[in-house]
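Worksheet for the structure shown next.
The figures here come from the full heavy-atom set of this structure, side chains too, leaving out hydrogens, waters and symmetry mates. This structure is a prediction, so every number in the text was calculated from the model and none was measured.
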Amino acid sequence: MKYDILATSFGRIILVGNENGISRLLVDNNSKGISIDDDWAQDQKLFKDAKLQLLEYFEGKRTCFDLKINPSGTEFQKKVWTELSKIPYGDLCTYKDIATAIGNPKASRAVGMANNKNPIPILVPCHRVIGANRKLVGYAYGLELKQKLLQMECINKSFELLQKHYGELDWWPAESDFEMMVGAILTQNTNWKNVEKALANFNGELSPAFVQNATNNDLAEIIRPSGYHNQKAIKLKALCEWFKQYDFDIAKAKAMPGEQLREELLAIKGVGGETADSILVYALEKAFFVIDAYTRRIFHRIGITIPDKYDDFRLLMEEAVPKNVATYNLYHALIVEHAKPHCQKKPLCNSCPLQEICNQRI
């Protein structure tokens, strides 16, 4: 028998098999003892395609596998595993659903046992099977991994449905990178219509020099429609002080590493995670997922367990979604576009494109 190892953020994956196909997939995530048999020979070439497809899956770029598998089991088990392989990415089934599908609706318990014996998890997606009460039950490598896999799929499935419904969108609405950065501060604790009114009050004269030279009182009066105008005027001047170190040249700022820019932005008084990440994605072209109130609301209602801390939720999204500036730009635009007609504080669920996967946790 041959094997190879793949390091992932979900744990170390050990693939086992031969020319007839993959017969086992082990997840070394400290949930159980994993060992490599002495008679297994490492073969990187044999599992090259499998490793590539698994990496694409874990990066949110792949929703199904095209691999030769050869699991060992009873005829009943193989029947169950075949049915498991038909569960679409991002969908869920119960043990009873699988039992019914194989023509034995009373075999839920036997299906559960076959599910637990699945030797090729992930490739044969037994993690997509849940209890009749819609809760997570049983997984050979722990419920934490099962939840992590399901959340990754749910997040990507959500964006697939949103993109199919709303199409390609472009966001942030601004005439320049500097206007975009100003808008990111003005939009704090208000809606975009008020920001548009505040930006219009600059009468086409918005620039770093204008903000620097204006008095705090004059600047505050201009941006009054955005609310908290006195505090925001101070924040805009602080933003200009940061931008000054790059000679107000956006190209010079873009040339710096993303993590360094994020630290600098967060050091500006009045700039938090959401504002910093908005500037990073839309003005500085750095891949940081923007977490706003809409993101929290939508994904909580769908069924994702939302971390309390901003950066924990950001990292969860960044781990699930392909890390790409254009993708993050589009996905945030889709969130904003969807929240306005459907996922309001009081949701309007009729004709919602996320209905098929939403748990409606209101």
If Ile, Leu, Val, Met, Phe, Trp and Tyr residues are connected whenever their side-chain heavy atoms lie under 4.5 Å apart, and connections chain through other members, are Ile234 and Leu186 in the same group?
-> no
Please report the C-alpha distance between Leu54 and Leu25 in whole Å, then the side-chain angles of each, then the deciding distance to 0.1 Å, and finally whether the side-chain contact (heavy atoms from CB on, under 4.5 Å) criterion is met.
-> CA-CA 11 Å; Leu54 281 164; Leu25 185 152; 4.3 Å; yes
Hey, could you give me the NZ/CD distance between Lys117 and Gln77, rounded to the nearest 0.5 Å?
-> 8.0 Å
Will you find, in the side chains of Asp277 and Tyr310, an N or O donor that is under 3.5 Å from an N or O acceptor?
-> yes
Which heavy atom of Leu55 sits nearest a heavy atom of Ala7, and at what distance?
-> CD2-O, 4.3 Å
NZ/Lys232 to CG/Asn189 distance, rounded to the nearest 0.5 angstrom?
-> 6.0 Å
Can you label the angle between the His127 ring and the Tyr139 ring as parallel, tilted or perpendicular, going by 30° and 60°?
-> perpendicular
Between Pro121 and Tyr141, the two heavy atoms sitting closest are CG-CE1, 3.7 Å
Main-chain N/O of Pro208 paired to Lys244 side chain as donor or acceptor, under 3.5 Å | no
Test applied, side chain to side chain donor-acceptor pair (under 3.5 Å); reference residue, Asp49; option that passes from Lys45, Lys51, Gln53 | Gln53
Give a yes or no on whether the ring-centroid distance for Phe299 and Phe159 is below 6.0 angstrom.
-> yes
From Phe47 CZ over to Ile22 CD1, what is the distance, rounded to the nearest 0.5 angstrom?
-> 6.5 Å
Chi angles and distances behind the side-chain contact (heavy atoms from CB on, under 4.5 Å) call for Cys240, Phe210 = CA-CA 10 Å; Cys240 281; Phe210 183 92; over 6 Å; no
Give a yes or no on whether a salt bridge exists between Glu83 and Lys86, defined as a side-chain N under 4.0 angstrom from a carboxylate O.
-> yes
Verdict with reasoning, Asn191 to Asn194, per side-chain contact (heavy atoms from CB on, under 4.5 Å) | CA-CA 6 Å; Asn191 60 55; Asn194 292 332; 3.5 Å; yes
CD1 of Ile223 to CG of Asn230: how many Å apart, nearest 0.5 Å?
-> 8.0 Å
Residue Lys48 excluded, over 12 heavy atoms near NZ under 6.0 Å = no
Backbone of Asp39 reached by a side-chain donor or acceptor of Asp37 within 3.5 Å | no
So, Asp292 versus Thr295: side-chain donor-acceptor pair below 3.5 Å or not?
-> yes
For Arg224, does its backbone N or O pair with a side-chain atom of Lys197 as donor and acceptor, under 3.5 Å?
-> no
Spell out, as yes or no, whether a donor-acceptor pair under 3.5 Å connects the side chain of Asn18 to the backbone of Asn20.
-> yes
Is it possible for you to say whether Met152 and Tyr328 belong to one hydrophobic cluster, with membership spreading through side-chain heavy-atom contacts below 4.5 Å?
-> no
Would you name the heavy atoms of Pro353 and Leu162 that are closest together and state the gap between them?
-> CG-CD2, 4.2 Å
Do Met1 and Leu46 share a hydrophobic cluster (ILVMFWY, side-chain heavy atoms under 4.5 Å, transitive)?
-> yes
CH2-CD distance between Trp171 and Glu337, expressed to the nearest 0.5 angstrom = 8.0 Å
About how many Å separate CD1 of Ile250 and CG of Asp177, when rounded to the nearest 0.5 Å?
-> 4.5 Å
Taking all atoms of both residues into account, what is the closest heavy-atom pair of Ala333 and Tyr282, and its distance?
-> N-OH, 4.2 Å
Give a yes or no on whether Asp218 atom CG has more than 12 heavy-atom contacts from other residues, nucleotides or ligands under 6.0 Å away.
-> yes
Between Gln151 and Thr305, is there a donor-acceptor pair closer than 3.5 Å when you use the side chain of the first and the backbone of the second?
-> yes
Verdict with reasoning, Ile279 to Phe288, per side-chain contact (heavy atoms from CB on, under 4.5 Å) = CA-CA 10 Å; Ile279 292 172; Phe288 291 87; over 6 Å; no
Within 6.0 angstrom of Arg24 CZ, more than 12 heavy atoms from elsewhere = no
Carboxylate-amine/guanidinium contact Glu19 Lys2, below 4.0 Å | yes
